[in-house]
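Order of the sequence lines sets the chain letters (A, B, ...), proteins ahead of strands, with each chain counted from 1.
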Number of protein chains: 2
Amino acid sequence: MSLSLAKQDAPMDAYRQLFDGILSQRLAPGTKLNEVELTLLFNVSRTLIRQALQRLQLEQVVEIHKNRGAFVAAPTPDLAEQILLARHTIELAVVRLACQRCKLADVQQLQHMIDLEQSAIDQGDMATALRRSGEFHLQLAIVAGNQPFVHALRGLISQTSLIITMYNHGGGNACARDEHSHLLEAVRLGDEAQGQTLMAHHLGHIAEGCDFTQSPQVANLKGAFAHLSS
Amino acid sequence: MSLSLAKQDAPMDAYRQLFDGILSQRLAPGTKLNEVELTLLFNVSRTLIRQALQRLQLEQVVEIHKNRGAFVAAPTPDLAEQILLARHTIELAVVRLACQRCKLADVQQLQHMIDLEQSAIDQGDMATALRRSGEFHLQLAIVAGNQPFVHALRGLISQTSLIITMYNHGGGNACARDEHSHLLEAVRLGDEAQGQTLMAHHLGHIAEGCDFTQSPQVANLKGAFAHLSS
DNA sequence: TTCACTTATATTGTATACAATATTATGTAC
DNA sequence: GTACATAATATTGTATACAATATAAGTGAA
């Protein structure tokens, strides 16, 4: 049997396609997510679409208004500040745990994720780079071995991507590679103080790169999934 | 129009009844949650039952195994430790924010919640006391004004209730009243250092009150909602 | 009895049908 | 043309029907 052949899981697939669409910036914050359109795009019934939307809502990536429908979340500047503060609090604890528990294999995997992120940057694909940057942070939480932190960060990192999409129009996170690399080096050495310092600066840079005075553009649904048209 | 007459919201009602059933210890950890039984108990279709179960799953209060069904979560000792550590990290930040932002009305509401918890203790209703204790902690996060913290703590506090149900058979949290009161006093005075110290001790006492060597009993579904039989 | 195997039942997974609500379009008065 | 009311449409909310899977019951052989 093939190890690479994942069994297809319709609910997860619908969820993941939507999630990727949002995180890859094909679906801009504020975009209306029409249920029947999504059924046509993904070839599943509204039941599974609604399941995926509810899950995304509980991850705070989608907002559902009763009888009005689902929309890609669009964090206000005030909420964005709360999100970045929450990340600061949790990720400082995460990096501390990661310093204590990180194994060689973990370091190698994290390094690989940094490389992937960098290759996306090299190709000018900033949307993919942003997504992989988030995956690096999440993997760090997994290495830290605290399930609630992983769970909370999954949502917070996704929301941060939305925030960057909305407010960071300059390419301010191009410096991320070095920051992730230095962070990983501190984790590898088990230097908790240095790791926390670097993480604090790193998250600070994300906030500094954002301009909370302008509002975002909203894309439409069919265009975002044009590659699925068969 | 009556202010106290909340418009009925079937999905929320089903969710809340299940949530209360679990948090009030009528549904013990590990209990199988049969969907058709729940439809009969709550008089809604499986659609809404499944919605409620999915939401509870994402709050980590219910586990859903594919094709096997939903069960009240039963955190292992290892996970319990992770949950309490996560609470420690987040609630120390929460109490710090609360010290900065707490208004007079907030103090009064928090005091009221302490009184409600105490009255439940006085009546020997420890299940209600436990639930109200959790509500106090959650309200503190609301006062702190950080939505991600509120969101994360909602699940963590519920999970802590499950942990106490499973592992804390002594009445170790009877001391909670004084601890909550002292905590509120520090918040009222805006004494961040004192607030964090008290919170750390409070959460430490929860962990100390638990014996992670014995396993819990599992109740059945009909008995837990016997009061609904019409 | 006990184990394996087959069949029947129960339970969950998904799609569809219908109901309720919101949105848009149309028409009419001013 | 604007504003308002009304009708037509579109969209979401909920219940039910059917399919897929798992669990339980039954049957026979060792």
Side-chain angles (χ1 to χ4, degrees), chain A residues 1 5-18 21-22 27 30-58 61-73 218-225 228 230, chain B residues 1 5-18 21-22 27 30-58 61-73 218-225 228 230:
Chain A
M1 67 188 89
L5 184 61
K7 69 173 192 298
Q8 74 174 10
D9 184 347
M12 190 52 125
D13 289 352
Y15 161 79
R16 186 152 288 286
Q17 291 223 60
L18 261 173
I22 295 171
L27 288 168
T31 307
K32 169 83 186 278
L33 299 171
N34 182 293
E35 294 180 2
V36 295
E37 283 187 65
L38 292 172
T39 64
L40 300 176
L41 285 167
F42 300 153
N43 287 307
V44 293
S45 77
R46 276 182 60 217
T47 304
L48 298 188
I49 295 297
R50 287 174 65 86
Q51 250 180 259
L53 290 173
Q54 191 192 352
R55 177 166 172 181
L56 290 164
Q57 177 190 32
L58 296 177
V61 176
V62 156
E63 294 174 11
I64 298 180
H65 304 281
K66 191 173 171 68
N67 290 323
R68 297 261 334 266
F71 302 81
V72 179
V218 173
N220 69 331
L221 193 49
K222 318 98 202 167
F225 290 103
L228 289 183
S230 57
Chain B
M1 68 188 88
L5 184 61
K7 68 173 193 296
Q8 75 174 8
D9 182 347
M12 190 52 125
D13 288 353
Y15 162 79
R16 187 152 287 285
Q17 290 222 60
L18 261 172
I22 294 170
L27 288 169
T31 307
K32 169 83 186 278
L33 298 171
N34 182 292
E35 294 180 1
V36 295
E37 283 187 65
L38 292 171
T39 63
L40 300 176
L41 286 166
F42 300 153
N43 286 308
V44 293
S45 77
R46 275 181 60 216
T47 302
L48 299 187
I49 295 297
R50 286 174 66 85
Q51 249 180 260
L53 289 173
Q54 191 192 352
R55 176 166 173 181
L56 289 164
Q57 177 191 32
L58 295 177
V61 175
V62 157
E63 294 174 12
I64 297 180
H65 304 282
K66 190 172 172 65
N67 291 322
R68 298 262 334 269
F71 302 81
V72 179
V218 174
N220 69 330
L221 192 50
K222 317 98 203 169
F225 290 102
L228 290 181
S230 56

Task: Inter-residue atom distance R55(A).CZ - R16(A).CZ, 0.5 Å rounding - done: 7.5 Å

Open item on the list: Given 3.5 Å as the limit, does a donor-acceptor pair link the side chain of E35(B) with the main chain of I49(B), or not?
Closed with: no

Task: Distance, nearest 0.5 Å, that separates CG of L33(B) from CD of E63(B) - done: 10.5 Å

Task: Earlier contact from the 5' end, DNA chain C, for R46(A) and N67(A) - done: R46(A)

Open item on the list: Could you check whether any side-chain heavy atom of I22(B) comes within less than 4.5 Å of a side-chain heavy atom of V62(B), counting everything from C-beta outward?
Closed with: yes

Task: 5' to 3' contact window, DNA chain D with chain A (heavy-atom distance under 4.0 Å) - done: dT11(D) to dT14(D)

Task: Rounded distance [0.5 Å steps], CG in N43(B) versus CG in L38(B) - done: 11.5 Å

Open item on the list: If you assign R68(A) and T47(A) each to the DNA chain D nucleotide with the nearest heavy atom, which residue ends up on the more 5' nucleotide?
Closed with: R68(A)

